[in-house]
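Below is one structure; the comments refer to it alone.
Any value given below was found using the heavy atoms of this structure, including those in side chains, with hydrogens, waters and symmetry copies removed. Protein chains get the first letters and strands the later ones, always in sequence-line order, with residue 1 at the start of each.
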Amino acid sequence: MAISPPSTRRRMHPSRRQDTSMAYIMLAPVLVLLGIFVIWPAIQAVYLSFFDWSFYTESEFVGWKNFHDVLVDNTFWEAVLRGLQFVLMTVPVSMVLSFLVASLATSVSRRVSTVLKVSIYIPSVISGVIASITFVIIYDYSGGLLNALVNVVGAPNQAWLGDPRWALAAVAVPAVWLGLGISTLIMIAAMLDIPDSLYEAAQLEGANWWQTARFITIPQMKNVLLFLLVTGFVGSIQQFELPLVMTGGGPNGATELPNLFIFNHFRGDAYVGYSIAAALLLFVVLGTISSIIFRIVNSEKLVD
Amino acid sequence: MAAPTRSPSAAPAAPAAPTTLAPADRRAARRRRMLQPRWILTFAMKAFFSLVIVTLALFPLAWMIISGFKIRTEVVSTPFQFFPEVWEWQNYVQILGDAAFLRTLAITGAGAVVFTAGSIAVNSMAAYAFARLEFAGKRFVWPAVLMTMFIPGMTILLTSFIVVTDLHMLDTLAVLIIPGMAAAAHIFFVRQFYLNIPSSLEEAAVMDGCGRWGVYLRIFLPLSKAPFVVVGITSFMAYWNNFVWPVMTITSPDLYQVQQYLAAFRGERASELGLLMAGSACAALPIIILFLIFQRQIIANIKMAGLK
């Protein structure tokens, strides 16, 4: 438990009375920094969302107008739908791949397992910019690796990032590549927690790999899978660095995910109330989801 | 992967074997099992899939590094070539001899070190206070700090920009280092670690006349290596890989951060792909090496994050 009841603690520490001043000395840097650079901007964001604010002119109170503008703006909803589409392209693929890799990593020798874990995690430490640059060259129209492979199969070159049909999927690939490591490691940890006796029983009954996965591994990992699903959703729908560097949101808005949509408005609009309102609306939804996850995590196993 | 995931007999490659047998019997049993076609098939499949996974995971990086060895026209060429015709060092020599690129690496590295040290210092002190001290207002302060973890960057991106403009921090290294230093996630992580340090250690020190600061400095800090490594590496990587914030706040090329430099390079010198790939490889390598040095701690930490 985090904080023992004061009565018992007081007996343990005779110097308890001095704690408040010491605590605030230790907390001061964090409280000042979070206050100035997180909490104040958050309050400002809520405040400014009701104004027609600009760097250049007097701001004007407009009430709920910004929110109304966002909610009736088709381009906003298109960006949100595109975000959901992007989630569908990345999260299921990444869940299935992590599950398969984790299953493999838990069934091989320790040394092979380490090699697998390290190699699957290495992409996660690479920056979005470097991943973008690398994949842009892989997708290059006239001399890229992917088109060379496509040609081998006999298909003509495709403009992967220039064609609205392919662009979003082309951004989804590096997103999966970058994110696979963490979910795989979490799944490995969860798989190692499942009691061996369950698998021994299954083996006596002659269960095959699929049956074991279907009736033992997946049900036993229910909480972890739910956690990864929701964090994957929240993380994926907020992705914007990859499309920002790879395509800038193009072609024709095909890769303009919700956060990139907001970011482009930040940079492009003279009046920022709209983009702040859009960011807040998105935050309300994602914040709700995050707090639900946190409650699940907290209630299940995160006991102090 | 034809066998059940993890039972001992289905994983003959694992060192663990049934414990009741004598070592010699065990070895013999294992040898017998290894001769069965089914075992060989499983083993071959696992080896094959392991190889495929390692290759796919590392391929884009290998591709980037190899492309750095190509002359300009070879990086994207028809017909396509995976390996360069002649391995050329010139891109790496040129990019590492480029004063602007070197300055970018140095300034990003220096900023990352300061950021990391600051992040460890402020977050660990706060973690200690939240884990071990009773103070007035704790009931409100802790949830408030925790709450900041859930404010998405995008929501406060513009208002943070307004704040740092008002503080005259634009286009200084301070704007890159100071705003992100305090992080609730780090505080939470270190606090979790401190909660598990037995209080008897503290009591003994207090009995011996150690003050509150003494307890922190002489008992908690020396025990904190593991969480500090995790917080440190995470902070360093976050700083090194940061892109959007530097792009918004840094305008003088003298202060360009490495990711910003690479993105600008791609925009301005689009034809020099070999050079760009060499530069990207040089920018990725420090982080990869850092990860490889501390991979055990980082991976253990992620397992803990897996709801434990």
Side-chain angles (χ1 to χ4, degrees), chain A residues 2 9 12 19-20 22-23 26-27 29-30 33-34 37-38 41-42 44-45 101 103-104 106-109 112 116-120 125-127 129-130 133-134 140 143-144 148 182 185-186 189-190 199-200 202-203 209 212 217 224 227 241 245 259 262 266 272 279 283 287 290 297 301 304, chain B residues 1-7 11 13-14 46 49-50 53-54 57-58 60 64 76-78 80 122 125-126 128-129 133-136 148 150-152 154-156 158-160 163 179 181-182 195 199 203 212 237 241 243 259 262-263 266 280 283-284 287-288 291 295 299 302-303 306-308:
Chain A
R9 298 283 290 200
M12 277 153 54
D19 277 3
T20 293
M22 179 183 174
M26 296 188 101
L27 286 173
V30 155
L33 289 172
L34 287 178
F37 297 110
V38 181
Q44 279 282 92
V101 178
S103 303
L104 182 63
T106 47
S107 76
V108 294
S109 73
V112 178
L116 280 175
K117 279 188 263 184
V118 170
S119 1
I120 200 91
V125 309
I126 301 300
S127 76
V129 174
I130 292 177
I133 291 175
T134 308
D140 190 87
I182 291 173
L185 292 183
I186 291 178
Y199 290 104
E200 279 154 22
Q203 231 215 327
W209 180 81
T212 326
T217 316
V224 173
F227 172 82
E241 201 171 281
V245 183
N259 269 356
I262 294 167
F266 274 163
V272 298
F283 162 66
S290 298
V297 174
K301 281 185 185 164
D304 288 335
Chain B
M1 288 185 287
T5 323
R6 218 167 40 89
S7 76
K46 282 178 185 170
F49 281 121
S50 303
I53 290 163
V54 171
L58 300 183
M64 175 179 75
V76 288
S77 66
T78 326
F80 176 80
V122 300
M125 277 199 302
Y128 178 78
L133 302 179
E134 284 306 324
F135 57 89
T148 62
F150 301 112
I151 300 177
M154 186 53 68
T155 310
I156 58 167
L158 186 84
T159 39
S160 298
V163 167
M181 208 183 246
L195 289 172
S199 54
E203 285 161 41
R212 270 302 190 180
M237 283 178 184
N241 289 340
F243 170 62
Q259 311 301 333
L262 289 173
R266 183 181 149 229
S280 302
I287 286 292
I288 295 176
F291 165 69
Q295 49 88 6
I299 286 178
I302 292 168
K303 285 181 184 166
L307 319 186
K308 243 194 204 162

Given that the side chain runs from C-beta out, which part of A:Glu241 has a heavy atom under 4.5 Å from chain B: side chain, backbone, both or neither? side chain
Look only at the side chain of B:Lys46 and the backbone of A:Leu104, and say whether a donor-acceptor pair between them is shorter than 3.5 Å. no
Side chain / backbone / both / neither for B:Met237 at chain A, heavy atoms under 4.5 Å: side chain
Are any of the side-chain heavy atoms of B:Gln259 and A:Ile130 separated by less than 4.5 Å? yes
Least distance between heavy atoms, A:Ser119 atom then B:Val54 atom: OG-CG2, 3.5 Å
Interatomic spacing from CG in B:Leu262 to OG in A:Ser127 - rounded to 0.5 Å: 7.0 Å
Just so I know, are the side chains of A:Val245 and B:Arg266 near enough to count as touching, which here means a heavy-atom distance under 4.5 Å? yes
Are the side chain of B:Thr159 and the backbone of A:Pro41 linked by a donor-acceptor contact shorter than 3.5 Å? yes
Sort B:Gln295 into side chain, backbone, both or neither according to what part of it lies under 4.5 angstrom from a heavy atom of chain A. side chain
Working to the nearest 0.5 angstrom, can you tell me the gap between B:Thr155 OG1 and A:Asn259 CG? 7.5 Å
Side chain, backbone, both or neither of B:Leu158 within contact of chain A (heavy atoms, under 4.5 Å): both
All heavy atoms of A:Val125 vs all of B:Ile287, minimum pair found to be O-CG2, 3.1 Å
Looking at every non-hydrogen atom in both residues, tell me the closest pair between A:Met26 and B:Met125 and how far apart they are. O-CB, 3.6 Å
Return the CZ to CD1 distance between B:Phe291 and A:Ile126, rounded to the nearest 0.5 Å. 10.0 Å
Heavy-atom distance under 4.5 Å between the side chains of A:Phe37 and B:Ile156, does that happen here? no
Tell me the closest heavy-atom pair linking A:Phe283 and B:Phe150, and the distance in Å. CE1-O, 3.2 Å
What's the separation between atom CG in A:Leu34 and atom CD1 in B:Ile151, rounded to the nearest 0.5 Å? 9.0 Å
Residue, of A:Ile182, A:Thr134, A:Ile262, A:Leu33, that accumulates the most heavy atom pairs under 4.5 Å with chain B: A:Thr134
With rounding to the nearest 0.5 angstrom, report the CD1 to NZ distance, B:Ile53 to A:Lys117. 13.5 Å
Region of B:Val122 that comes under 4.5 Å of a non-hydrogen atom in chain A: both
Reported CE-to-CZ distance for the pair B:Met154 and A:Phe266, which is rounded to 0.5 angstrom: 6.5 Å
Which atom names give the shortest non-hydrogen contact between B:Ala126 and A:Val30, and what distance separates them? CB-CG2, 3.7 Å
